[in-house]
Engineer: 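Sharing a structure, written as structure tokens. Questions coming.
Here is the naming used below: chain letters follow the sequence lines, and residue numbers restart at 1 for every chain. The basis for the numbers below is simple: all heavy atoms, side chains too, and nothing from hydrogens, waters or symmetry mates.
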Amino acid sequence: MTRKREVILVNVRVRFAPSPTGEIHIGNIRTAIFNWLYARKEEGTFILRIEDTDRERSTEEFKEIIFRELKWLGLDVDEGVGAGGGYGPYQQMERLEIYREYARILEQKGLAYPCFCSPEELETEREKAMQEGRGSRYSGKCRNLSPEKRARAREQKTPEALRFLNRFEGPVSFPDIIRGEISFEAETLDDFVLMKSDGSPTYNFACVIDDYTMEISHVIRGEDHISNTPKQILLYKGLGWELPEFAHLPLILDKDRRRMKKRSGEAEVFISRYRDMGYLPDAMLNYLALLGWSDQSGEEVLTREELIAGFSLERIKHSGAIFDREKLDWMNGVYIRKLNLEGLREKAVPFFRKKGIELFGEKMDYLLLALQEKVSTLEEMGAMAADFTGDLEYENREKAKEIFSQDRVDEVLKALQVKLKGKKEVPPEEGKGFLKEIGKELGVKGKLVFQPVRWALTGKGSGPDLNFIMAFLGPEEAVSRLGKALELRED
RNA sequence: GCCCCCAUCGUCUAGUGGACUAGGACACCGCCCUUUCACGGCGGCGGCAGGGGUUCAAAUCCCCUUGGGGGUGCCA
């Protein structure tokens, strides 16, 4: 039950070890974030290892995506695939020699044996065991094959896998930095496969060999790996190796409270989608860091530096966290509002382009500034911008008519027309003045000025500051739109 | 089925036996500000899963129940 471990000075080396078998999703990347934060906090090394031993599904494309997403979030890799380092190679399929070497050692130690069972055979065995209410452990059929039988199987070129010979008994336990002592009974672990018949290592095997040979100090990974850990510990024991520290992270859950996966209901799970939808990497990093961890200060909007400074594995929660899009939206909005004009331009322009909006100079800036206060994503910004750059369209014609038909609204709209007519441009300050003057001169309430003008100019009941909109539209277009409103009133 | 992990507002969380009348954030609702909407400010709604212990004292420690999740692959 000792949660506190001895404090020893260790050179912190952590790894993010994704498999390139699909797009990186929220869960994956949060693991990367925690590893990275820990490395930075402890001034350690953040290593990228690629676990491409699933020959069926691993692709070069997915590998590239891993680089892309890490880069986007600003998780710089110190060592590993694409970064080099003294413990390579860092891609598992390039380490086959190493695994074979340790497989030989295990076999020599009598801790591994060849297995000639076919996948089909194992499958039916498993089903039968399940039906009979037994566990789905491997039967151990090939455990004690006579040398003759082995020779025969090899002669017949029967595909051959290598299994771990589990002769351990009693508790297999390990201290988890986040959860404390976790214990399993060795008897519940079966003779798991080490090397597949295609010559590649399994996850549990490769992981142990790599973590050890790469001198990983802390294995920080998802909670879904807790049940793999005792198997891995058996390997460490068999090889006579010292254990790394383990920290199993709580899972990120989807709306159905299930582990975030590729198919998680309607939820958007791929990190790339969030980039496309106009979320800022800093906001994403900040939000994801808060899923399962919190800063001691209680602050939630934290810079990269603050995140690093406050990070600790001990403050990580034990229970899963549901990914909440609404809070992310709020946080992204906060980050958008923190951007200065230059930053805003850089981030938003691609989203304007996507909407076919090409603007430059002051005009663009007016729009940017107006929208900045209103949106929670850049995509939304593009969509809103499109409302102004396109032709006027009433969101609700009846409602618009109602607004325009109010008493004295015609005077308001006409008064603004008069003020705008003949002008070449309306800077925001001046436009704001016009609106105030009209209210004063006609003696009408603000609501009768701003609402009708807003509907007239934008076709909607809410949106950016009107002075920016006028500046953006320009006097000529504004006058024309006011005219349309007056026509509708007459209708 | 078996193994393992987890359990504070709807959601993210603070809380490590007394400072808890359980604090903050998102969302929601009101009010204020800006002669509009939003932004911002103020306030409200809302929670320790249940039951037993231990203790002078329990959200905090122990046990059971319940609930949720993960694993049970020649996937990782």
Engineer: Grab the CD-P distance between A:E187 and B:rC3 for me, whole Å please.
Structural biologist: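 Answer to the nearest Å: 12 Å.
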Engineer: Would you call A:E441 and A:K419 a salt bridge, using N to O less than 4.0 angstrom?
Structural biologist: yes
Engineer: Please determine, for the side chain of A:A321, which listed nucleotide (B:rC5, B:rU13, B:rA14) has the closest atom?
Structural biologist: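 Closest nucleotide to the A:A321 side chain: B:rU13.
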Engineer: Does anything in residues 456-471 of chain A pair up under side chain to side chain donor-acceptor pair (under 3.5 Å), and if so which pairs, sequence neighbours excluded?
Structural biologist: A:D387-A:K460
Engineer: Taking for each residue the nucleotide of RNA chain B bearing the nearest heavy atom, is the 5' side occupied by A:S319 or by A:M195?
Structural biologist: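 Whichever sits nearer the 5' end wins; that is A:S319.
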Engineer: Respond yes when some side-chain nitrogen or oxygen of A:K196 is under 4.0 Å from OP1 or OP2 of B:rC75, and no when none is.
Structural biologist: yes
Engineer: What nucleotide, of B:rC26, B:rC4, B:rU13, holds the atom closest to the side chain of A:D324?
Structural biologist: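 Closest of the options to the side chain of A:D324: B:rC26.
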Engineer: Partners of A:T124 by side chain to side chain contact (heavy atoms under 4.5 Å, CB included), sequence neighbours excluded?
Structural biologist: none
Engineer: Should B:rU16 form a Watson-Crick or G-U wobble pair with both distances under 3.5 Å, which nucleotide is its partner?
Structural biologist: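 Across any shown strand, B:rU16 pairs with none.
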Engineer: Does a distance-only test, which skips hydrogens and angles, find a donor-acceptor pair under 3.5 Å between the side chain of A:S197 and the base of B:rC74?
Structural biologist: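 Yes, the side chain and the base share a sub-3.5 Å donor-acceptor pair.
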Engineer: Only pairs with both distances under 3.5 Å count, Watson-Crick or wobble alike; so what is the partner of B:rC26 in this structure?
Structural biologist: B:rG10
Engineer: Go through the structure and list residues passing side chain to side chain contact (heavy atoms under 4.5 Å, CB included) with A:V193, not counting sequence neighbours.
Structural biologist: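 By the side chain to side chain contact (heavy atoms under 4.5 Å, CB included) rule, A:V193 matches A:A161, A:R163, A:T202.
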Engineer: Taking B:rU55 as the reference, what is the distance to B:rA49 when you measure between their C1' atoms (whole Å, please)?
Structural biologist: 23 Å
Engineer: Flag the pair A:E402 and A:K399 as a salt bridge only when some basic side-chain nitrogen lies within less than 4.0 angstrom of an acidic carboxylate oxygen.
Structural biologist: no
Engineer: Salt bridge (Lys or Arg N to Asp or Glu O under 4.0 Å) with A:E326: which residues, sequence neighbours excluded?
Structural biologist: none
Engineer: Going by side chain to side chain contact (heavy atoms under 4.5 Å, CB included), name the residues that satisfy it together with A:F450, two or more places apart in sequence or in a different chain.
Structural biologist: A:L435, A:L466
Engineer: When you match A:K440 and A:P201 each to their closest nucleotide on RNA chain B, which lands nearer the 5' end?
Structural biologist: A:K440
Engineer: Between A:K445 (NZ) and B:rU34 (P), how many Å, whole number?
Structural biologist: 11 Å
Engineer: Can you see if the side chain of A:R126 gets near the phosphate of B:rC74 - specifically, an N or O under 4.0 Å from OP1 or OP2?
Structural biologist: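 Answer is yes, contact under 4.0 Å.
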Engineer: Please give, in whole Å, the distance from B:rA76 C1' to A:Y203 OH?
Structural biologist: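 Result: 7 Å.
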Engineer: Within 45° of the six-membered ring axis of A:F34 and under 6.0 Å from that ring's centre, is NZ or CZ of A:R30 located there?
Structural biologist: yes
Engineer: Measuring only the C1' atom in each nucleotide, how far is B:rU8 from B:rG1? A whole number of Å is fine.
Structural biologist: 33 Å
Engineer: Please give the distance between the C1' atoms of B:rG47 and B:rC20 as a whole number of Å.
Structural biologist: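 Their C1' atoms lie roughly 13 Å apart.
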Engineer: For B:rG52 and B:rC29, measure between their C1' atoms and round to the nearest Å.
Structural biologist: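 Those two atoms are separated by 40 Å.
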Engineer: What's the closest nucleotide to the A:R179 side chain, out of B:rC5, B:rC74, B:rG70?
Structural biologist: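 Looking only at side-chain atoms, A:R179 lies closest to B:rC5.
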Engineer: Suppose we call a contact any N or O donor and acceptor under 3.5 Å apart; does that hold for the side chain of A:D224 and the base of B:rA76?
Structural biologist: no
Engineer: Using whole Å, what does the distance between atom P of nucleotide B:rG71 and atom NE2 of A:H225 come to?
Structural biologist: 9 Å
Engineer: Round to a whole Å and report the spacing from NE2 of A:H318 to C1' of B:rA14.
Structural biologist: 14 Å
Engineer: Measure from the side chain of A:K317, starting at C-beta and using heavy atoms only, and say which of B:rU11, B:rU13, B:rU35 lies closest.
Structural biologist: B:rU13
Engineer: With C1' as the reference atom in both, quote the distance from B:rU66 to B:rG51 in angstrom, rounded to an integer.
Structural biologist: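 The answer is 10 Å between these two C1' atoms.
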Engineer: With the side chain of A:R258 defined as its heavy atoms from C-beta on, choose the nearest nucleotide among B:rU13, B:rC26, B:rG69.
Structural biologist: B:rG69
Engineer: Using salt bridge (Lys or Arg N to Asp or Glu O under 4.0 Å) as the criterion, list what pairs up with A:R337, not counting sequence neighbours.
Structural biologist: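 Checked A:R337 against salt bridge (Lys or Arg N to Asp or Glu O under 4.0 Å); zero matches.
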Engineer: For B:rG40, which nucleotide in any strand shown is its Watson-Crick or wobble partner with both distances under 3.5 Å?
Structural biologist: B:rC32
Engineer: Taking the C1' atom of each, how far is B:rA27 from B:rC45, in whole Å?
Structural biologist: 12 Å
Engineer: Let's see if you can work this out: which of B:rG68, B:rC74, B:rC26 has an atom nearest to the side-chain heavy atoms of A:K327?
Structural biologist: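 When the side chain of A:K327 is considered, B:rC26 is the closest of B:rG68, B:rC74, B:rC26.
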Engineer: Determine: side-chain N/O of A:R257 to OP1/OP2 of B:rU11, distance under 4.0 Å, yes or no.
Structural biologist: yes
Engineer: Sugar-phosphate means primed atoms, P, OP1 and OP2; the rest is base. With that split, encode nucleotides 36-42 of chain B 5' to 3' as B, S or - using protein heavy atoms under 4.0 Å.
Structural biologist: BBBS---
Engineer: For A:Y212, give me all partners under side chain to side chain contact (heavy atoms under 4.5 Å, CB included), at least two apart in sequence or on another chain.
Structural biologist: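 With neighbours one apart ignored, the set is A:Y236, A:W241.
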Engineer: Return the residues of residues 17-28 of chain A meeting this criterion: a heavy atom under 4.0 Å from some atom of RNA chain B. Order them by number, or give none.
Structural biologist: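 Listed by number, they are A:S19.
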Engineer: For the side chain of A:D54, counting heavy atoms from C-beta on, which of B:rA76, B:rU35, B:rC12 is nearest?
Structural biologist: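 Nearest listed nucleotide: B:rA76.
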Engineer: How many Å lie between CD1 on A:I322 and C1' on B:rA7, as a whole number?
Structural biologist: 12 Å
Engineer: Pairing check on B:rC2: which nucleotide meets the Watson-Crick or G-U wobble criteria with it, both distances under 3.5 Å?
Structural biologist: B:rG71
Engineer: Test your reading of the model: is there a side-chain donor-acceptor pair from A:N204 to the backbone of A:F192, 3.5 Å cut-off?
Structural biologist: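 Between the backbone of A:F192 and the side chain of A:N204 there is no qualifying donor-acceptor contact (under 3.5 Å).
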Engineer: Can you tell me, in whole Å, how much space there is between the P of B:rG67 and that of B:rC31?
Structural biologist: 44 Å
Engineer: Indicate yes or no for a side-chain donor-acceptor contact from A:N28 to the backbone of A:I24 under 3.5 Å, with no hydrogens or angles considered.
Structural biologist: no
Engineer: List the residues meeting salt bridge (Lys or Arg N to Asp or Glu O under 4.0 Å) with A:R325, not counting sequence neighbours, and say none if there are none.
Structural biologist: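 With sequence neighbours excluded, A:R325 shows a salt bridge (Lys or Arg N to Asp or Glu O under 4.0 Å) to no residue whatsoever.
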Engineer: With a 4.0 Å heavy-atom cut-off, tell me which residues in residues 286-302 of chain A come close to RNA chain B, sorted by residue number.
Structural biologist: A:L290, A:L291, A:G292, A:S294, A:E300
Engineer: Rounded to whole Å, how long is the line connecting atom CD of A:E123 with atom P of B:rG73?
Structural biologist: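 A:E123 atom CD is separated from B:rG73 atom P by 9 Å.
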Engineer: Go through the structure and list residues passing salt bridge (Lys or Arg N to Asp or Glu O under 4.0 Å) with A:E51, not counting sequence neighbours.
Structural biologist: A:R49
Engineer: For A:Y90 and A:D210, which I'm curious about, is there any donor-acceptor pair between the side chains at under 3.5 Å?
Structural biologist: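 Their side chains do not contain a donor-acceptor pair, so the 3.5 Å distance test is not met.
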Engineer: Taking the C1' atom in each of B:rC9 and B:rA22, what is the distance between them to the nearest angstrom?
Structural biologist: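 10 Å, rounded to whole Å.
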